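Step one of this worksheet: look at the structure below.
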2 protein chains.
Amino acid sequence: MGIIRKTQSVEVLLNEFQEKSNAISAIELIKRLSSQINKTTVYRVLDKLEDDGVLHSFLDNSGIKWYAKCNDCSKAGHTDMHPHFQCVSCGKVDCLSIEVTIPPIPNREIEVSQILIQGRCESCNVK
Amino acid sequence: MGIIRKTQSVEVLLNEFQEKSNAISAIELIKRLSSQINKTTVYRVLDKLEDDGVLHSFLDNSGIKWYAKCNDCSKAGHTDMHPHFQCVSCGKVDCLSIEVTIPPIPNREIEVSQILIQGRCESCNVK
DNA sequence: ATAATTAATGCAACTGAGTTGCAAATATAG
DNA sequence: CTATATTTGCAACTCAGTTGCATTAATTAT
Ligand SMILES: [Zn+2]
Ligand SMILES: [Zn+2]
Ligand SMILES: [Zn+2]
Ligand SMILES: [Zn+2]
């Protein structure tokens, strides 16, 4: 349904995505903002921000939901598709700006593809 | 830990994967076998069959677990990596035998990649 | 500015997939 | 056939996410 009013909760949540550009799990946001926003509200605002093309979401390999900023999406739809990377060592998740081409599959019409890559991130790799 | 004894439950579950070669969700198996096997046992046997390299599992875009037969995996490890396809129309899920290459990512060491493609399957595409 | 309208919020209770502990049942080895 | 170890069923639990509803806050109309 999208955001209609510019409330405190919306402002606070958007602020969390201002600084760093990596993804944040819904659970982490709920924990971080527990003193300011109720968890139901966190889920609802995230949902609306996704509808508005401000954030996009995806599930990690344990089925929990992550959110990150969109690049060129709008209320009309999410066009900014990309793989996500989760570090098996530190757990950090971020958006990859690489292009992965899915070859056409006979008799099947591809709509979307979700790619989750797991490995070791820059910081964890040097050690 | 793997399967040690050839019990009824193991036999019944393996049988479900005998016929068709598409993936089956844990929930569907629990529903299907509810008169024969308890849900806890279903989860436990599936888990062990995965350890043995007989089945492999993955999550769909709503976070629920699916299982399918492996090709050349063993107790030693799962080598048979491939994308999965879920039909947005009928919900059917199957393994794709296509190869999708993930380009190397600077400073990151890739371990595994999970690819879930959504679209319309053969049967739903003709209509 | 004030009141009326409508959307957003908090809370508590719920949902549903998957897990855990433990006692009873069953498979395998001797 | 008995002893031992694994597997099973059950009930109770976990935990991310959802729902209903009364209250609060933002926007619009007066
Ligand atoms: Zn890391
Ligand atoms: Zn992203
Ligand atoms: Zn279909
Ligand atoms: Zn598969």
Side-chain angles (χ1 to χ4, degrees), chain A residues 1-17 23-68 75 84 86 91-93 114 116, chain B residues 1-17 23-52 54-68 75 84 86 91 93 114 116:
Chain A
M1 212 196 90
I3 297 279
I4 294 175
R5 295 181 181 179
K6 268 160 201 159
T7 63
Q8 276 291 316
S9 313
V10 172
E11 208 171 306
V12 170
L13 266 165
L14 278 178
N15 199 49
E16 291 296 315
F17 290 93
I24 315 174
S25 71
I27 293 168
E28 168 65 20
L29 286 166
I30 289 163
K31 211 180 295 167
R32 243 186 242 180
L33 307 172
S34 61
S35 61
Q36 307 172 67
I37 318 178
N38 175 276
K39 80 167 178 173
T40 311
T41 306
V42 172
Y43 280 117
R44 288 196 275 226
V45 171
L46 289 172
D47 204 50
K48 289 181 174 180
L49 288 170
E50 188 169 20
D51 281 355
D52 284 345
V54 177
L55 300 177
H56 62 282
S57 74
F58 53 94
L59 301 180
D60 71 6
N61 70 315
S62 63
I64 79 154
K65 213 166 187 179
W66 292 73
Y67 284 87
K75 200 170 281 192
H84 292 100
Q86 181 161 38
K92 199 174 69 182
V93 175
Q114 287 155 54
L116 180 70
Chain B
M1 209 196 93
I3 297 278
I4 294 175
R5 294 181 181 180
K6 269 160 199 159
T7 62
Q8 275 291 318
S9 313
V10 173
E11 208 172 307
V12 169
L13 265 165
L14 277 177
N15 198 49
E16 291 296 315
F17 290 94
I24 316 175
S25 70
I27 294 169
E28 169 64 21
L29 286 166
I30 290 163
K31 211 181 294 167
R32 247 188 239 178
L33 307 172
S34 60
S35 62
Q36 306 172 66
I37 319 177
N38 175 274
K39 80 167 179 171
T40 310
T41 306
V42 172
Y43 280 117
R44 288 196 275 225
V45 171
L46 289 172
D47 205 49
K48 288 181 175 181
L49 288 170
E50 188 170 20
D51 281 355
D52 284 345
V54 177
L55 299 178
H56 61 281
S57 75
F58 54 94
L59 302 180
D60 71 7
N61 68 315
S62 63
I64 79 154
K65 213 166 186 180
W66 292 74
Y67 284 87
K75 202 169 280 193
H84 293 100
Q86 182 162 37
V93 175
Q114 288 154 54
L116 180 70

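If you're wondering where the values come from, they're calculated on a predicted model, not measured in any experiment.
The shortest side-chain heavy-atom distance between B:Lys65 and B:Leu46 does not fall under the 4.5 Å cut-off.
One can find a donor-acceptor pair under 3.5 Å joining the base of D:dG17 and the side-chain atoms of A:Lys39.
With the nearest nucleotide of DNA chain D identified for both B:Val45 and A:Thr7, B:Val45 has the one nearer the 5' end. Where A:Val10 and B:Ile4 each meet DNA chain C at their nearest nucleotide, the meeting point lying more 5' is that of A:Val10. Residue B:Tyr43 is the one, among B:Tyr43 and B:Arg5, whose nearest nucleotide of DNA chain C lies closer to the 5' end (criterion: closest heavy atom).
For the pair B:Ile30 CD1 and C:dT19 P, the computed distance is 10 Å after rounding to whole Å. In this structure, B:Ile64 places its CD1 atom 15 Å from P of D:dG17, rounding to the nearest Å. Nucleotide D:dA16 holds its P atom 12 Å from the CH2 atom of A:Trp66, rounded to whole Å. Taking atom CG on B:Asn38 and atom C1' on C:dA24, their separation rounds to 13 Å, with Å as the unit. Separating the CD atom of A:Gln8 from the P atom of D:dT23 is a distance of 23 Å, rounded to the nearest angstrom. For the pair A:Leu59 CG and C:dG18 P, the interatomic distance rounds to 12 Å; values are reported in whole Å. Atoms CD1 (B:Ile27) and P (C:dG18) sit 5 Å apart, rounded to a whole Å. Atom CD1 of A:Ile3 is separated from atom C1' of D:dT27 by 15 Å (rounded to the nearest Å).
Counting non-hydrogen atoms under 4.0 angstrom, A:Thr40 reaches a base of the nucleic acid.
Considering only the side chain of B:Lys65, C:dG18 comes nearest among D:dT8, D:dC21, C:dG18. With D:dT7, C:dG10, D:dA16 as the candidates, the nucleotide lying closest to the side chain of B:Lys48 is D:dT7.
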Steps toward side chain to side chain contact (heavy atoms under 4.5 Å, CB included) verdict (B:Ile3, B:Val45): CA-CA 8 Å; B:Ile3 297 278; B:Val45 171; 4.3 Å; yes
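A:Thr41 has a side-chain polar atom (N or O) that falls below the 4.0 Å cut-off from OP1 or OP2 of C:dG10. Here B:Ser9 reaches the OP1 or OP2 of D:dT8: one of its side-chain N or O atoms lies under 4.0 Å away.
At distances below 3.5 Å, not a single donor-acceptor pair connects side-chain atoms of A:His84 with backbone N or O atoms of A:Leu116.
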